[in-house]
Amino acid sequence: MPKALTLLLDFDDQYRRDVQQSHAFLHRRDRRFAQQQEDQKQPLTVPAWLAALHALNGQRREFGADPRLRHWRQARWVFAGLGALLGAGFMLGLLWYDGSRQINLTLLIGLVALQLLLALFTSLQAWFGWQPWGSLLGPRQGDDPLAALRPALCARIAHTGGLLFAISGLLTLLALVVVQDLAFGWSTTLQTSADGYHRIVAALAQPWQTLWPAAVPSAELVNASQFYRLTEAPADNPALLGTWWPFVLMLWLVYVLLPRLILLMLAALQVRWQAGRALRAHPGWQGLFYRFETPWVETRGQEDSQPAPAAAQTVLSPLPDSATLIHWAGAGQAATDLVTRLSRDASPLQLRAGGNSTLDEDQQVIQQAGARQQPVILVTRGWEPPTGELSDFIYDARDHWPAATLLALVPLADEQGAALTDAGLLAQWQRFVDRQGDSHLLLCAPREQDQP
């Protein structure tokens, strides 16, 4: 189940990153992926697309459920624990027997009916998208991709608690049957005859009358177990009153436990179905499949509407000596010989920022790099356009580092650490450096392998 929710969150994250990129870049990237999948005869799916981007950009390092689902999992555990405790306490209180009078079956049937109604109400409010107690989980965020799923998620949590309530109640009932001599009876203020009461309990026992006939009360048992609180006359056959327990057991199992189990499974399916529907209705879904299916064509009209930026004179500066490397979004981190071409130090400090790193993690990287009082080498992927996030990172670093700290920006040509040689790509990185207006920001390339 977390997979459907995690997929939705991952897609939303990638969409928010993509809106910062140009349409031309996105179209080339996604069309190239679609052609690769077609050539390799692999299915063209959103999970495969996200996996390819994650492998390339390192945007998501953690496997499994998204950390943003943690509070929903914690809520399920809390409700499950409370349900187990309340179920045991509820059954102990209901079946507490001090020998003064029988345990009233009418009260027990009424409470079972209440449990069934609560379970059905929980599912109905989720199916209709109503969330009367949703404010307890905080206000809805307008851009939260899980906003439409909150009623279903709440219902799944409530049913988890209800199921544990039913299980612990059933186990408590069995334990009391073993360790106590329970005596059940029925009593009501209403003018109900023993025959009428027998028809009621026989109707309730219809689901199991062929499976377990002994759990269906007989007319004689119903007639012998009626009692009045103001009458202190003992029952003629006390042992007979204990034979109600199979009926009570099946009543709890069929009308409390099984409905909770079935409704919990339906709630899980509803969450999966709504997550899939929310994914297909996402604003980035249609555009993505358009890019998958539409060939990328350079047209004269596009060139006219998006004139090429002014040519930039690319100037690569010599790489400064440094033992502090920052891999932006994990760029070049897997290249085995890249470190030796970036730093003359045998074991330089390698840090990671950007990508799926949090702002706090980026700040820690800035603090660690600045504390070394030496030039910093920032490695990026040269085939991707520089982003505003990278510009913000450099701006924040300048606020924390000494003013004269050299920052060498090294865009790579591939994940193996080759130097970027494409003139057009180098020009866009040169323009990025020029826009920073930072005289200590250098555009550099890795040293050649045999360069001293």
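Since the model is a prediction, treat every value here as computed from it, not as a measurement.
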All salt bridge (Lys or Arg N to Asp or Glu O under 4.0 Å) counterparts of Asp13, not counting sequence neighbours |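 Listed in chain order: Arg68.
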Set of residues satisfying salt bridge (Lys or Arg N to Asp or Glu O under 4.0 Å) with respect to Asp422, sequence neighbours excluded |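 Here no residue qualifies.
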What distance separates [X] [atom1] from [Y] [atom2], expressed to the nearest 0.5 Å?
| X | Y | atom1 | atom2 | answer |
| --- | --- | --- | --- | --- |
| Met91 | Leu111 | CE | CG | 9.5 Å |
| Cys154 | Gln125 | SG | CD | 7.0 Å |
| Leu94 | Leu176 | CG | CG | 10.0 Å |
| Gln40 | Gln37 | CD | CD | 6.0 Å |
| Trp429 | Cys444 | CH2 | SG | 13.0 Å |
| Asp345 | Thr340 | CG | OG1 | 12.0 Å |

Taking every non-hydrogen atom, the tightest pair across [X] and [Y]:
| X | Y | value |
| --- | --- | --- |
| Gly382 | Leu420 | CA-CD2, 4.0 Å |
| Ala408 | Leu319 | CB-CD1, 4.1 Å |
| Ala445 | Leu316 | CB-CD1, 4.2 Å |
| Ile326 | Ala353 | CG2-CB, 4.1 Å |
| Pro446 | Ala419 | CD-CB, 3.9 Å |
| Ala278 | Leu149 | CB-CD1, 4.1 Å |

With sequence neighbours excluded, residues passing side chain to side chain donor-acceptor pair (under 3.5 Å) with [X]:
| X | value |
| --- | --- |
| Gln209 | Gln206 |
| Gln350 | His327 |
| Gln333 | Arg352 |
| Asn104 | Thr106 |

Under 3.5 Å, which donor-acceptor pairs link side chains of residues 390-398 to any protein atom two or more places apart or in another chain?
unit_1, atom_1, unit_2, atom_2, d
Ser391, OG, Gln436, OE1, 3.2
Arg398, NE, Asp438, OD2, 2.5
Arg398, NH1, Thr405, O, 2.8
Arg398, NH2, Thr405, O, 3.1
Arg398, NH2, Asp438, OD2, 3.2
Arg398, NH2, His440, O, 3.2

Step-by-step side-chain contact (heavy atoms from CB on, under 4.5 Å) determination, Phe33 to Leu44 = CA-CA 9 Å; Phe33 169 77; Leu44 184 59; 3.5 Å; yes
For residues 252-266, tabulate all N or O donor-acceptor pairs below 3.5 Å that involve a side-chain atom, not counting sequence neighbours.
unit_1, atom_1, unit_2, atom_2, d
Trp252, NE1, Ala166, O, 2.9
Tyr255, OH, Leu204, O, 2.8
Arg260, NH1, His159, ND1, 3.1

Under 3.5 Å, side chain of [X] to main-chain N/O of [Y], donor-acceptor pair present?
| X | Y | value |
| --- | --- | --- |
| Ser343 | Ser322 | yes |
| Arg381 | Ala329 | yes |
| Trp328 | Leu378 | no |
| Arg31 | Phe292 | yes |

Tell me, which pairs form a ring pair (Phe, Tyr, Trp, His ring centres under 6.0 Å) where one or both residues lie in residues 263-282, sequence neighbours left out?
->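 Listed by first then second residue: Phe11-His282, Tyr15-His282.
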Should the pair Phe289 and Trp285 be assigned to parallel (<30°), tilted (30 to 60°) or perpendicular (>60°) ring geometry?
->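 Judged by the thresholds at 30° and 60°, the geometry between Phe289 and Trp285 is tilted.
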Give the ring-plane orientation class for Phe90 versus Phe165, where under 30° counts as parallel, over 60° as perpendicular and anything between as tilted.
->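 Geometry flag for Phe165 against Phe90: tilted rings.
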Leu249/Leu173 under side-chain contact (heavy atoms from CB on, under 4.5 Å): CA gap, chis, key distance, verdict | CA-CA 7 Å; Leu249 175 68; Leu173 170 62; 4.1 Å; yes
Within-4.5 Å side-chain heavy-atom neighbours: Leu409 and Phe432 |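 When only atoms from C-beta onward are counted, Phe432 and Leu409 do touch, with a gap below 4.5 Å.
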Cut-off 3.5 Å, no hydrogens considered: what does the side-chain donor-acceptor table look like for residues 363-373, sequence neighbours left out?
unit_1, atom_1, unit_2, atom_2, d
Arg372, NE, Thr324, OG1, 2.7
Arg372, NH2, Ala323, O, 3.3

Set of ring pair (Phe, Tyr, Trp, His ring centres under 6.0 Å) partners for Trp77, sequence neighbours left out |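 Result, ring pair (Phe, Tyr, Trp, His ring centres under 6.0 Å) vs Trp77: none returned.
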Give a yes-or-no answer on whether the side chains of Asp39 and Gln35 include a donor-acceptor pair shorter than 3.5 Å.
->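 Short answer, no.
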Step-by-step salt bridge (charged side-chain N to carboxylate O under 4.0 Å, His left out) determination, Glu384 to Arg29 = CA-CA 10 Å; Glu384 294 179 348; Arg29 182 197 67 186; over 6 Å; no
Passing option when Leu95 is tested against Thr172, Leu108, Val177 for side chain to side chain contact (heavy atoms under 4.5 Å, CB included) |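 In the set Thr172, Leu108, Val177, the residue that makes a side chain to side chain contact (heavy atoms under 4.5 Å, CB included) with Leu95 is Leu108.
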Which salt bridge (Lys or Arg N to Asp or Glu O under 4.0 Å) pairs, counting each pair once, include a residue from residues 277-292, with sequence neighbours left out?
->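 Only Asp30-Arg291 qualify under salt bridge (Lys or Arg N to Asp or Glu O under 4.0 Å).
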